[in-house]
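Positions are given from 1 along the sequence. Since we're looking at a predicted model, the values are computed, not measured.
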Amino acid sequence: MPKRLHLVFGGELADSEQSRFRNPDDVEIIGLYPDYDSAYAAWKDVSQRTVDNAMIRYFIAHLHRLLDEQQPGSATREIDSNGP
């Protein structure tokens with residue numbers, strides 16, 4: 001599998017039905033990972049520790065897509081950080 005940079009991050013959401021953070025200043029950066037499998041393992045670990053709180057959610061961002069301008073845009077939803 002090719003090495004491609006991924007970011008795992010998350011925090012408390014303003015609404016459990018959307019991907020808008022309650023306070024973007026408090027978003028937690030879990031780490032940067034050289035491949036999806038490593039990022040997924042980190043995401044799974046942190047997500048399982050917060051499973052009892054539906055307002056806390058973590059995401060995997062495919063940073064390699066930002067670096068390759070020739071690659072089509074991601075289907076990943078935009079995360080709104082403008083507040084409620």
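A distance of 14.5 Å separates OH in Y36 from CG in L5, rounded to the nearest 0.5 Å. The distance from the CZ atom of R57 to the CD atom of Q18 is 10.5 Å, given to the nearest 0.5 Å. Atom OH of Y58 and atom CZ of R49 lie 7.0 Å apart (nearest 0.5 Å). Note that CD of E12 is 6.5 Å distant from CG of N53, once rounded to the nearest 0.5 Å.
For Y33 and H6, the gap between ring centers reaches or exceeds 6.0 Å. Ring pair F9/F59: centre-to-centre distance below 6.0 Å.
Nearest heavy-atom pair, F21 versus G10, reported as atom, atom and distance to 0.1 Å: CE2-C, 3.7 Å. Nearest heavy atoms, V8 versus A39: CG2-O, 3.5 Å. Taking each heavy atom of A54 and S16 in turn, the nearest pair found is O-CB, 4.2 Å.
Listed for the S38 side chain is no donor-acceptor partner under 3.5 Å among the backbone atoms of P34.
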request  = For the pair R22 and D26, evaluate salt bridge (charged side-chain N to carboxylate O under 4.0 Å, His left out) and give the outcome as yes or no after the intermediate values.
outcome  = CA-CA 8 Å; R22 183 172 162 263; D26 292 336; 5.4 Å; no
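Grouping the Ile, Leu, Val, Met, Phe, Trp and Tyr side chains by contacts below 4.5 angstrom, directly or via other members, places I29 with L63.
In this structure, the side chains of L13 and I56 stay at 4.5 Å or more apart for every pair of heavy atoms. When side chains are defined from C-beta on, I60 does not count as touching L7, because their heavy atoms never get closer than 4.5 Å.
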